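The structure's right below; bear with me while I get my questions together.
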Amino acid sequence: GVTITNSEFSHNNNGSPSVFWAGLFINTNGSITLNGVSACDNGGNGAELDAVKGTTIKNSVFNNNLGLTSQSQYGNGLYINNTSTSNHILLENVQADGNVNYGIFLSSSGNVTLKNVNAYNNGASSICPGVYIENRNGTGTVSITNSTFKENGQNGLAIYSHKNVTLNGITALDNGYFGVFVDNCN
């Protein structure tokens, strides 16, 4: 696995508007643990992660990452693809603000847990949600507590899951579409 603490991955960009560079890119057959990471102002995703054995991110910031509004796979604060496994994604004390597309994009077949996550002013021109969770392809549940989704271009929070979704202590204000959108149909 990969563990990174108290590190910054910011201002990575070769200046070409059609080439996208993540501040941090990890692809591992193990797990990913980030604590105290900042990935901001990159010319692509702040962090792009793919872990077979799960992902845990705490006390981290993913702000103002750039990309083209027509290519939503880039310009996201945090982009996690754990679809090849049923292992977890845990975000705790994470901030994603001012990204061109998604603040946070999560795709997982396992459990997704967010605690104290803030997504503000993401996708303003691309009509992307602050946080997007794709969880329909596995057996995982979604649980979100004490989190804020504010002034995002589309939904503040969008969840697609066939299993249980639990929300507690959610604030969703002034988003372009729904504050919170949950599709829990089979």
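Residue numbers start at 1 and run along the sequence shown. On a predicted model such as this, the values are computed, not experimentally measured, just so you know.
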Val52-Leu24 co-clustered via ILVMFWY side chain contacts under 4.5 Å: no
Main-chain N/O of Tyr177 paired with Asn155 side-chain donor or acceptor, under 3.5 Å: no
Salt bridge (Lys or Arg N to Asp or Glu O under 4.0 Å) partners of residues 107-124, not counting sequence neighbours, each pair once: none
Least distance between heavy atoms, His88 atom then Leu90 atom: CD2-N, 3.8 Å
Distance-only polar pair, side chains of Asn122 and Asn99, donor-acceptor under 3.5 Å: yes
Contacts of Thr145 that satisfy side chain to side chain donor-acceptor pair (under 3.5 Å) - sequence neighbours left out: none
Where Thr55 and Asn82 come nearest, the two heavy atoms and their spacing: OG1-ND2, 3.2 Å
side-chain contact (heavy atoms from CB on, under 4.5 Å) against Leu173, all qualifying residues, sequence neighbours excluded: Lys150, Thr171
Derivation of the side chain to side chain contact (heavy atoms under 4.5 Å, CB included) call for Val142 and Val182: CA-CA 10 Å; Val142 176; Val182 178; over 6 Å; no
Any pair counted as salt bridge (Lys or Arg N to Asp or Glu O under 4.0 Å), so long as it reaches residues 136-149, sequence neighbours left out: Glu134-Arg136
In one Ile/Leu/Val/Met/Phe/Trp/Tyr side-chain cluster, 4.5 Å: Val180, Leu106: yes
Among Asn118, Ile104, Ile144, the one residue meeting side-chain contact (heavy atoms from CB on, under 4.5 Å) with Val131: Ile104
Asn175: side chain to side chain donor-acceptor pair (under 3.5 Å) partners, not counting sequence neighbours: Asn152
Minimal non-hydrogen separation, Ile89 against Ser108, with atom names: CD1-CB, 3.6 Å
No-hydrogen, no-angle side-chain donor-acceptor test under 3.5 Å, Asn164 and Thr141: no
With Asn146 via side-chain contact (heavy atoms from CB on, under 4.5 Å) - residues at least two apart: Asn116
Just distance, no hydrogens or angles: give the donor-acceptor pairs under 3.5 Å from side chains in residues 30-43, sequence neighbours left out.
from	atom 1	to	atom 2	distance (Å)
Asn35	OD1	Asn59	ND2	3.0
Asn42	OD1	His11	N	3.4
Asn42	OD1	Asn12	N	2.9
Asn42	OD1	Asn12	ND2	3.0
Asn42	ND2	Phe9	O	3.0
Asn42	ND2	Cys40	O	3.4
Asn42	ND2	Asn65	OD1	3.1

The single option from Asn137, Ile133, Thr139 passing side-chain contact (heavy atoms from CB on, under 4.5 Å) against Asn135: Ile133
Contacts of Val2 that satisfy side-chain contact (heavy atoms from CB on, under 4.5 Å) - sequence neighbours left out: Ile4, Ile26, Thr28
Greater than 12 external heavy atoms within 6.0 Å of Asn27's CG: yes
From OG (Ser143) to CG (Leu167), nearest 0.5 Å: 8.0 Å
Asn76 side chain to Gly103 backbone, donor-acceptor under 3.5 Å: no
Residues that Gln154 engages under side chain to side chain donor-acceptor pair (under 3.5 Å), provided they are two or more places apart: none
From CA spacing to verdict: side chain to side chain contact (heavy atoms under 4.5 Å, CB included), Leu91, Leu78: CA-CA 11 Å; Leu91 306 183; Leu78 177 60; 4.0 Å; yes
Interatomic spacing from CG in Leu114 to CG in Asn93 - rounded to 0.5 Å: 11.0 Å
Within 6.0 angstrom of Phe178 CZ, more than 12 heavy atoms from elsewhere: no
Evaluation steps, side chain to side chain contact (heavy atoms under 4.5 Å, CB included), between Ile57 and Leu49: CA-CA 11 Å; Ile57 301 173; Leu49 312 174; 3.7 Å; yes
Main-chain N/O of Gly98 paired to Asn63 side chain as donor or acceptor, under 3.5 Å: no
Residues that Ser107 engages under side chain to side chain donor-acceptor pair (under 3.5 Å), provided they are two or more places apart: none
ILVMFWY cluster, Val100 and Phe62 together (side-chain gap under 4.5 Å): no
Contact list for residues 139-158, test ring-ring contact (aromatic ring centres under 6.0 Å, His included), sequence neighbours left out: none
ring-ring contact (aromatic ring centres under 6.0 Å, His included) contacts touching residues 120-144 (sequence neighbours left out): Tyr102-Tyr132, Phe105-Tyr132, Tyr132-Tyr160
